[in-house]
Amino acid sequence: MNQLQLTQMEELESIDYQNEEQLIEAKERFKINDLGGLNWAFRMLSALEAKKKEVNKLALEEMERIQAWEDKELRSIKGNYDFFAALVHEYHKKQLEADPKAKTLATPYGKSKTRCSKEAPEKVSEDKVLEHIKAAGMDEYIKESVKWGDFKKGLKIVEVDNKKVVIDENGQVIDGVDIKPESVTYSLEVK
């Protein structure tokens, strides 16, 4: 902001619109009647724009500084959090191996929960599954795309030549479907 704009801002600060009545009075007092008045209004607008840019620049600098501080602080916290969460998961895994019913471990400060999922058919290629369904004449599973939820209910995982495969209700092996392995997921609830 240059010196002229600073002077304009001082002039503006002397004008204080406390309420709508004062604003209406100011509109009556300040009217542009000639080129000089227009020039004055543009000087005021220029000073306001310069002040706005100053405020925005300062705010942006402070936001960046605060964001950098926050990132640094959270990086340290995340590292420690991940470390302790891994310890909890490792302990819970051992407890689950010793007692498969130990799905939840609770303390006054939080819980570790497990959720076991069985192996299940997993669609890999919509096109191949659709091809299979059409070739097998299983049109009840077709809309514009495969009704995967309904079709999946009739699928089975079987072993053929020491390899697990997915078959449909007619006993045919299905291309485009893999077997999602059984898994255990852990979640924490910290109080």
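- Side-chain contact between Val166 and Ile179: present, with at least one pair of heavy atoms (C-beta onward) separated by less than 4.5 Å.
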Check the pair Glu119 / Lys164 against salt bridge (Lys or Arg N to Asp or Glu O under 4.0 Å), numbers first and verdict last.
CA-CA 11 Å; Glu119 64 182 7; Lys164 289 185 177 183; 3.1 Å; yes
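- For the pair Glu70/Glu73, no side-chain contact is recorded, criterion being any heavy-atom separation below 4.5 Å from C-beta on.
- Using a distance-only test at 3.5 Å, with no hydrogens or angles considered, a donor-acceptor pair links the side chain of Asp99 to the main chain of Lys101.
- Not a single donor-acceptor pair under 3.5 Å links the side chain of Glu159 to the backbone N or O of Val165.
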May I have the step-by-step check of side-chain contact (heavy atoms from CB on, under 4.5 Å) for Leu105 and Gln95, ending in yes or no?
CA-CA 9 Å; Leu105 302 178; Gln95 295 303 306; 4.1 Å; yes
With side-chain contact (heavy atoms from CB on, under 4.5 Å) as the criterion, how do Trp148 and Leu155 come out once you've worked through the C-alpha distance, each side chain's angles and the decisive distance to 0.1 Å?
CA-CA 10 Å; Trp148 178 248; Leu155 302 181; 4.0 Å; yes
Verdict with reasoning, Trp69 to Lys72, per side-chain contact (heavy atoms from CB on, under 4.5 Å)
CA-CA 5 Å; Trp69 170 82; Lys72 179 181 170 237; 5.8 Å; no
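- No chain of hydrophobic side-chain contacts below 4.5 Å, direct or via other Ile, Leu, Val, Met, Phe, Trp or Tyr residues, connects Val173 to Ile157.
- For the pair Arg75 and Asp71, the salt-bridge criterion is not met [side-chain N within less than 4.0 Å of a carboxylate O].
- In this structure, Tyr141 and Phe151 have perpendicular ring planes: the angle between them is above 60°, well past the 30° mark.
- No salt bridge links Glu54 with Lys57; every basic N to acidic carboxylate O contact stays at or beyond 4.0 Å.
- Between Ile174 and Ile167 there is no side-chain heavy-atom pair separated by less than 4.5 Å.
- Across Ala102 and Leu96, no two heavy atoms sit closer than the pair O-CD1, 3.5 Å.
- Within the model, atoms CE of Met138 and CG of Asp150 stand 11.5 Å from one another, a figure rounded to the nearest 0.5 Å.
- With hydrogens and angles left out, the side-chain atoms of Gln67 and Glu64 include no donor and acceptor closer than 3.5 Å.
- Using a 4.5 Å cut-off on side-chain heavy atoms (C-beta onward), Val55 and Leu58 make no contact.
- In this structure a side-chain-to-backbone donor-acceptor pair under 3.5 Å is present from Asp168 to Asn170.
- Of the possible polar contacts, none joining the His89 side chain to the Ser112 backbone as a donor-acceptor pair under 3.5 Å is found.
- In this structure, the side chain of Thr114 engages the main chain of Lys103 through a donor-acceptor pair within 3.5 Å.
- When all heavy atoms of Glu182 and Ser117 are compared, the pair lying nearest together is CG-O, 2.9 Å.
- A 4.5 Å side-chain heavy-atom check between Val129 and Ser125 finds every atom pair outside the cut-off.
- With a 4.5 Å cut-off on side-chain heavy atoms, Val177 and Glu122 do not count as touching.
- Within a 6.0 Å radius of NZ in Lys147, more than 12 heavy atoms belonging to other residues, nucleotides or ligands are found.
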